[in-house]
*Asks:* 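The structure follows.
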There are 2 protein chains.
Amino acid sequence: MAYRETTQIRQRKQATQENILSNALTLLNEVGFSGLQMASLAKRCNLATGTLYRYFANKEALCSAVFEHATNIEVTQVQQQLSAPEKPIPERIANALTTFAKRALRAPVTAWALIAEPVEPAVIAARIKYRERYANLFAQAIEQGISEQSLPPQNSALSSRALVGAIAEALIGPLAHQHELEPNSAILESVRFCLQAITARSHSCV
Amino acid sequence: MAYRETTQIRQRKQATQENILSNALTLLNEVGFSGLQMASLAKRCNLATGTLYRYFANKEALCSAVFEHATNIEVTQVQQQLSAPEKPIPERIANALTTFAKRALRAPVTAWALIAEPVEPAVIAARIKYRERYANLFAQAIEQGISEQSLPPQNSALSSRALVGAIAEALIGPLAHQHELEPNSAILESVRFCLQAITARSHSCV
DNA sequence: CCAAAAAATGAATCATGGTTCACTTCTTGC
DNA sequence: GCAAGAAGTGAACCATGATTCATTTTTTGG
């Protein structure tokens with residue numbers, strides 16, 4: 001008898017896989033999905049190109065995994081803000097949006113990659129899940145706000161998507177970096193924009 | 001003496017060029033920039049691949065031209081709504097947003113391509129111009145509204161970007177087609193969202 | 001140390017799709 | 001009709017970058 005997978009090896013393989021993912025995440029934030037190449041990722045990991053294929057069936061699978069990984073990190077952060085139990089809903093939403101915006105500004109290429117950059121179908125599928133998770137987070141909060149009457153009635157699904165879109169566009173769209181708006185005030189302004197959109201009772205208050 | 005460019009030829013060349021652009025526009029709305037291939041475009045035009053290169057230096061130049069072409073069409077439409085001189089500013093903005101949204105819904109792939117799909121640097125440059133034009137349209141209207149006091153004070157540049165982002169995301173983002181929201185109500189809702197965002201005087205009116 | 005089996009390697013291969021160019025066809029003025 | 005020159009052609013070429021696979025290196029239990 002001979003080779004048998006041992007705990008040591010299993011752990012090393014797991015470490016390698018995690019190492020690949022974390023290097024991929026760093027690369028993603030430098031070049032986006034479109035610039036993510038198997039060869040350069042391998043070099044970054046001190047591995048041969050072929051080795052990547054022992055851990056992921058193909059580039060698509062790898063990208064999906066990277067996507068999921070990044071997603072979990074982001075969603076968790078926002079989630080936390082939304083579930084602060086003692087605070088009123090509008091404040092929680094404002095905090096969540098601010099977190100979302102700050103993180104997006106800190107890693108704009110990643111944010112762009114998660115939100116909008118087009119990629120192969122498998123990653124698109126992953127992104128749809130990602131967006132759904134976000135949409136659900138905010139939509140749920142909005143609905144709770146409506147039922148508590150701290151928010152006016154509205155289509156929560158649509159509002160939550162518009163929230164994400166408004167922030168994404170204002171902060172990380174291709175145009176955003178042209179105008180040297182001070183980042184903090186940009187965040188404040190866009191959160192204000194969003195909050196007014198969902199809290200205002202009607203135009204007639206103009 | 002011999003060949004000399006004649007009016008007939010000049011016109012025919014112009015017609016060919018326009019034909020290429022219009023076919024490219026159709027293709028764009030089917031497959032986006034990423035799916036736009038020189039060979040298939042040529043076939044669609046009943047031309048040889050090489051011929052395209054007699055009209056455009058390379059794919060990048062062609063895409064830029066297509067982009068500009070599409071842009072002009074879109075911006076003109078929105079512009080019209082914003083410049084209706086007799087109507088109050090908020091109404092004009094609402095109409096402009098509605099036009100924007102309707103057109104985006106009618107040709108979602110094109111809208112996506114113009115707003116967000118990532119492409120080569122030259123097209124990105126064109127997109128930045130496109131967004132700037134939009135941003136300027138809305139920002140100008142918002143500023144006018146502020147000075148007329150039909151809108152509250154706000155960062156007009158940021159608001160106008162957020163407007164576009166909110167609508168784009170709500171209506172044409174990858175997630176949008178998942179939920180079978182009735183198109184008209186989606187437009188109404190997102191315009192309402194935007195309008196409240198820019199017209200609400202403060203949260204305190206909640 | 002050995003044989004078995006897996007893991008790692010990286011140069012060669014393949015696929016895609018833009019670009020070129022030698023050649024053919026068309027247009028023009030005489 | 002003809003020569004000059006442009007327009008049009010499309011198969012061959014090239015660049016990029018993912019994927020494969022024959023070979024080498026490691027690991028393991030005995």
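Predicted model, so just to flag it, every value in this text is computed and none were measured. Residue numbering restarts at 1 for every chain, and letters A, B, ... go by the order of the sequence lines.
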*Asks:* Under 4.0 Å between a side-chain N/O of Arg12(A) and OP1 or OP2 of dA7(C), yes or no?
*Replies:*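 It does not, given that no N or O in the side chain of Arg12(A) lies less than 4.0 Å from OP1 or OP2 of dA7(C).
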*Asks:* For nucleotides 15-21 of chain C, give me one character per nucleotide, 5' to 3': B if any protein heavy atom sits under 4.0 Å from the base, S if the only such contacts are to the sugar-phosphate, - if neither.
*Replies:* --SSBB-
*Asks:* Do side-chain atoms of Asn19(B) reach the backbone of Ala15(B) as a donor and acceptor pair under 3.5 angstrom?
*Replies:*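 Such a contact is absent between Asn19(B) side chain and Ala15(B) backbone.
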*Asks:* Can you pull every protein N or O that's under 3.5 Å from an N or O on nucleotides 22-25 of chain C?
*Replies:*
none

*Asks:* Salt bridge between Arg44(A) and Glu30(A), side-chain N to carboxylate O under 4.0 Å?
*Replies:*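 Looking at Arg44(A) and Glu30(A), the cut-off is met.
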*Asks:* Please compare Gln8(B) and Thr51(A) by the position of their nearest nucleotide in DNA chain C and report the one closer to 5'.
*Replies:*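 Looking at the nearest nucleotide for each, Thr51(A) comes out on the 5' side.
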*Asks:* Under 4.0 Å, heavy atoms only, any strand: does Phe56(A) hit a base, just the sugar-phosphate, or nothing?
*Replies:*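 Answer is nothing: Phe56(A) stays at 4.0 Å or more from every strand.
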*Asks:* Taking all atoms of both residues into account, what is the closest heavy-atom pair of Phe56(A) and Ala65(A), and its distance?
*Replies:*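 In this case the closest contact between Phe56(A) and Ala65(A) is CE2-CB, 3.8 Å.
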*Asks:* Any non-hydrogen side-chain atom of Gln80(A) less than 4.5 Å from a side-chain atom of Thr76(A)?
*Replies:*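 In contact.
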*Asks:* Taking all non-hydrogen atoms of both residues into account, name the closest pair between Phe33(B) and Lys59(B) and its distance.
*Replies:*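 Minimum heavy-atom contact is O-NZ, 4.2 Å.
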*Asks:* Starting at atom CG of Leu52(A), determine the distance to atom P of dA7(C), rounded to an integer number of angstrom.
*Replies:*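 Roughly 15 Å, once rounded to whole Å.
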*Asks:* What is the distance from CZ of Phe33(A) to P of dA18(D), rounded to the nearest Å?
*Replies:*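 Value for this atom pair: 13 Å.
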*Asks:* If you define the side chain from C-beta out and look only at heavy atoms, does anything of Lys13(B) sit under 4.5 Å from Ile9(B)?
*Replies:*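 Yes; the side chains approach each other to less than 4.5 Å.
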*Asks:* Among the candidates dA8(C), dT9(D), dT27(D), find the nucleotide nearest to the side-chain atoms of Arg54(B).
*Replies:*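 Given the options dA8(C), dT9(D), dT27(D), the side chain of Arg54(B) is closest to dT9(D).
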*Asks:* Does some side-chain heavy atom of Val66(A) sit less than 4.5 Å from a side-chain heavy atom of Leu27(A)?
*Replies:*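 Leu27(A) does not reach Val66(A) side chain to side chain.
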*Asks:* Which side-chain N or O atoms in residues 36-43 of chain B pair as donor and acceptor under 3.5 Å with protein atoms at least two apart or in another chain?
*Replies:*
from     : atom 1 : to       : atom 2 : distance (Å)
Ser40(B) : OG     : Gln37(B) : O      : 3.1

*Asks:* Check whether any side-chain N or O of Thr51(A) sits under 3.5 Å from a backbone N or O of Leu47(A) as a donor-acceptor pair, and report yes or no.
*Replies:*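 No, because the side chain of Thr51(A) does not come within donor-acceptor range (under 3.5 Å) of the backbone of Leu47(A).
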*Asks:* Starting from the 5' end of DNA chain C, give me the residue, Tyr55(A) or Ile9(B), whose nearest nucleotide shows up first.
*Replies:*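 Final value for this comparison: Tyr55(A).
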*Asks:* In whole angstroms, how far is the P atom of dG10(D) from the CG atom of Leu41(B)?
*Replies:*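 Between P of dG10(D) and CG of Leu41(B): 15 Å.
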*Asks:* Calculate the interatomic distance between Lys13(A) atom NZ and dA5(C) atom C1'; express it in whole Å.
*Replies:*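 Distance, rounded to whole Å: 12 Å.
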*Asks:* Please give, in whole Å, the distance from dT9(D) C1' to Ile20(B) CD1?
*Replies:*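 Interatomic distance, CD1 of Ile20(B) to C1' of dT9(D): 14 Å.
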*Asks:* Roughly, in whole Å, what's the span from CZ in Arg10(B) to P in dA7(D)?
*Replies:*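 Rounding to the nearest Å, CZ of Arg10(B) and P of dA7(D) are 11 Å apart.
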